[in-house]
Amino acid sequence: MAKLTDRQKKQIIAESVEGSSLRALGAKYGVSPTTIRRVLLNNPEFKQKVTQKKQENTASVLAFMESQKQDVCKVIDNLLHAINDPEKMAAAPLNQLATAMGIVIDKYTAGEAPKAADERQNNLLAAIEGWQEEAFDDLPEIQQAAAADPEMVETAELSD
């Protein structure tokens, strides 16, 4: 097995921080992945460099996301308009509507802090309560489900 020089050890640390695998580094420097791991763990600066690289990567991703915010908001707005089109809603199967609604609910409530059991009212529930229920009453799936289940509760009774 080859003896690694100090220069090679520094290169291994730098390449590892940039994402090279232990196996790839071992093959490149003619040593086992275990030797590469030992080089990394024996270097007191390695953990600090990895932490710094993670922070840089996080900052880079957040900056990119911020730069794309307007475009993403436009896409979301277009999707919400498409979802809210009564013709498209009438043509969509109930399971697709339920999936779309679940995604919107999950994303909308993701930033909300959990509330106590007696404080279940939140912004999403207020928005749902204010929603025009007639948009769903016209859907064939809702009408079929209501006809098939005579005990189905009317939406108007829920808001009372």
Got a second to check how far [X]'s [atom1] is from [Y]'s [atom2], nearest 0.5 Å?
X: I12; Y: L4; atom1: CD1; atom2: CG; result: 4.5 Å
X: L97; Y: K88; atom1: CG; atom2: NZ; result: 13.0 Å
X: T58; Y: K53; atom1: OG1; atom2: NZ; result: 11.0 Å
X: D77; Y: Q70; atom1: CG; atom2: CD; result: 12.5 Å

**Study point:** Side-chain donor-acceptor contact under 3.5 Å, Q48 with Q52
**Key:** no
For the backbone of [Y] and the side chain of [X], can you confirm whether one donor and one acceptor N or O come within less than 3.5 Å of each other?
X: S60; Y: E56; value: no
X: T51; Y: K47; value: yes
X: S67; Y: F64; value: yes

Check your understanding: Within a strict 4.5 Å, meaning less than it, do heavy atoms of the V39 and L25 side chains meet?
Key ->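 A side-chain contact under 4.5 Å is absent here.
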Review point. Checking side chain to side chain donor-acceptor pair (under 3.5 Å) against Y29, which of Q8, E15, K9 comes through?
Key: E15
Check your understanding: Any link between M101 and I103 through a network of hydrophobic side chains (Ile, Leu, Val, Met, Phe, Trp, Tyr) touching at under 4.5 Å?
Key -> no
Review point. Of the non-hydrogen atoms in L40 and S16, which two are nearest, and what is the gap between them?
Key: CD1-OG, 3.4 Å
Practice item. List the steps and the verdict of side chain to side chain contact (heavy atoms under 4.5 Å, CB included) for K49 and I13. Key: CA-CA 9 Å; K49 288 180 181 183; I13 292 166; 4.1 Å; yes
Exercise for review: Take K69 and E66 through the side chain to side chain contact (heavy atoms under 4.5 Å, CB included) test and state the conclusion after the steps.
Suggested key: CA-CA 5 Å; K69 195 173 191 175; E66 186 63 33; 3.7 Å; yes
Point to revise | More than 12 heavy atoms of other groups within 6.0 Å of E87 CD | key: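 No, the 6.0 Å shell around CD holds no more than 12 heavy atoms from other groups.
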